[in-house]
Each structure stands twice: as structure tokens, then as C-alpha cells.
Amino acid sequence: FSSKVYNPYVDAKTGVLDIRSAYPSWDPSRHYLVTVLTHLKKIFYSKNFADAKANPEARELGMKDPEKYRKRVDECVRDSQRQVFANEPGSTVKFTEEQVSHRVLRDLLKHHIRHENQVTKQAVLAQIDKARKV
């Protein structure tokens, strides 16, 4: 993980997900990316951390004081959401919070481009031009 994740299955210092608890011996003929993604989803819903070893502090807090554990998790989620709009210096891509113009363009695209075969550069640019006039 690139942002801080407070979870018993994620190392607090490195952000590395512990998949050994779910897959003690990796077998590429049986284990696929989808199984890891399923495990990843499960760890965020789990309330049983008995086999978690990556973050003992989070495991203990989750087992002893679930309410306090949830508050720590919520802090990490809020911090992560704030970082979503952080842009790398010199990057050509800029992320911003949603503006009215984004909603207008999205609505125009939904209304005028209904099928994937209608998505062309000209069609999208035409809708951008309409959104600018609003």
C-alpha cells in the first residue's frame, strides 16, 4: 500500500500485505491474482484477526477494543482520501476534487454517448465544447 493502512494484515512500517497467512506456500497453478484480491477484500471486512501477524498492535486493538480500532481505521481512510488529490510535481495529469464542470460534462457524455461504439475523439471533444458553454 502506498498510503497508511491500519490493519492487522498490513505491516505498519512498510505497508506490505501479509498473504502468507492465507497462502503459506504459494502455488502458481492454484493461486491466481483473483484469489489474492479476494483475500485483500476479506481482510477489510474480517473481525477475526487470530492469524494476522503483520501488525500485532492493530490485531490486539481490534480484538480488545473494536471501537477504538475502528476509529484508527477511520483516521487512515480520511488521510488516504485527502491524499487522492495530491499531484506529483511535473506530472501531466492533475487530479482535482469534482467541480460543477465535471458533473456537467459527465451528464452530457451519458446523454449523448449511449453506446461504446459511439465513443470517438470527436464525440468527446464535442461534449467538452458544450460543457464549456454552460
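Source: prediction; values computed, not measured.
For the side chain to side chain contact (heavy atoms under 4.5 Å, CB included) with Val5, the lone residue among Val73, Val16, Val10 that qualifies is Val10. The side chain to side chain contact (heavy atoms under 4.5 Å, CB included) test with Gln127 is passed by exactly one of Val104, Asp107, Leu105: Leu105.
For Arg30, the CZ atom sits in a loose shell: 12 or fewer heavy atoms of surrounding residues, nucleotides or ligands are nearer than 6.0 Å. Atom CD of Gln99 is surrounded by more than 12 heavy atoms from other residues, nucleotides or ligands within 6.0 Å. Within 6.0 Å of the CD atom in Glu98, the count of heavy atoms belonging to other residues, nucleotides or ligands exceeds 12. The 12-atom threshold is exceeded at NZ of Lys94, counting heavy atoms of other residues, nucleotides or ligands nearer than 6.0 Å. Within a 6.0 Å radius of CZ in Arg103, other residues, nucleotides and ligands contribute more than 12 heavy atoms. The environment of CZ in Arg70 is sparse: at most 12 heavy-atom neighbours from other residues, nucleotides or ligands sit within 6.0 Å.
The structure places CD of Gln118 at 11.0 Å from NE2 of His112, a figure rounded to the nearest 0.5 Å. Atom CD in Glu97 sits 10.5 Å away from atom CD in Gln81 (nearest 0.5 Å). Asn7 CG to Asn55 CG: the interatomic distance, rounded to the nearest 0.5 Å, is 8.0 Å.
Judged by the 6.0 Å and 45° rule, Arg59 forms no cation-pi pair with Phe49.
A heavy-atom distance below 4.5 Å is not found between the side chains of Leu40 and Tyr9.
Tracing side-chain contacts under 4.5 Å through hydrophobic residues (I, L, V, M, F, W, Y), one never reaches Leu125 starting from Leu108; they form parts of separate clusters. Residue Tyr23 is grouped with residue Leu33 when hydrophobic side chains (ILVMFWY) are merged at heavy-atom distances under 4.5 angstrom, including chains of intermediate members. By the rule that hydrophobic residues join a cluster once side-chain heavy atoms approach within less than 4.5 Å of another member, Val34 and Leu17 end up as members of separate clusters. Hydrophobic clustering, with ILVMFWY side chains joined whenever heavy atoms are under 4.5 angstrom apart, groups Leu37 together with Phe1. In the hydrophobic cluster analysis, where Ile, Leu, Val, Met, Phe, Trp and Tyr join through side-chain heavy atoms closer than 4.5 angstrom, Val36 is grouped apart from Tyr32.
Smallest separation of non-hydrogen atoms from Ala54 and Asp18: CB-CB, 3.8 Å. The two atoms that bring Thr120 and Ala123 nearest to each other are OG1-N, 3.0 Å, heavy atoms only.
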Audit row: Tyr6, Tyr69, ring-ring contact (aromatic ring centres under 6.0 Å, His included) steps and yes/no: CA-CA 9 Å; Tyr6 191 74; Tyr69 170 79; 5.7 Å; yes
Test salt bridge (charged side-chain N to carboxylate O under 4.0 Å, His left out) applied to Arg72 and Glu57, step by step: CA-CA 11 Å; Arg72 292 283 303 271; Glu57 177 201 313; 3.0 Å; yes
Step-by-step side-chain hydrogen bond (donor to acceptor under 3.5 Å, both in side chains) determination, Asn48 to Ser46: CA-CA 6 Å; Asn48 179 2; Ser46 179; 5.9 Å; no
Side chain to side chain contact (heavy atoms under 4.5 Å, CB included) between His39 and Ile19, intermediate numbers included: CA-CA 8 Å; His39 173 66; Ile19 61 169; 4.3 Å; yes
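Ring pair His31/Trp26 is tilted by interplanar angle, where 30° to 60° counts as tilted.
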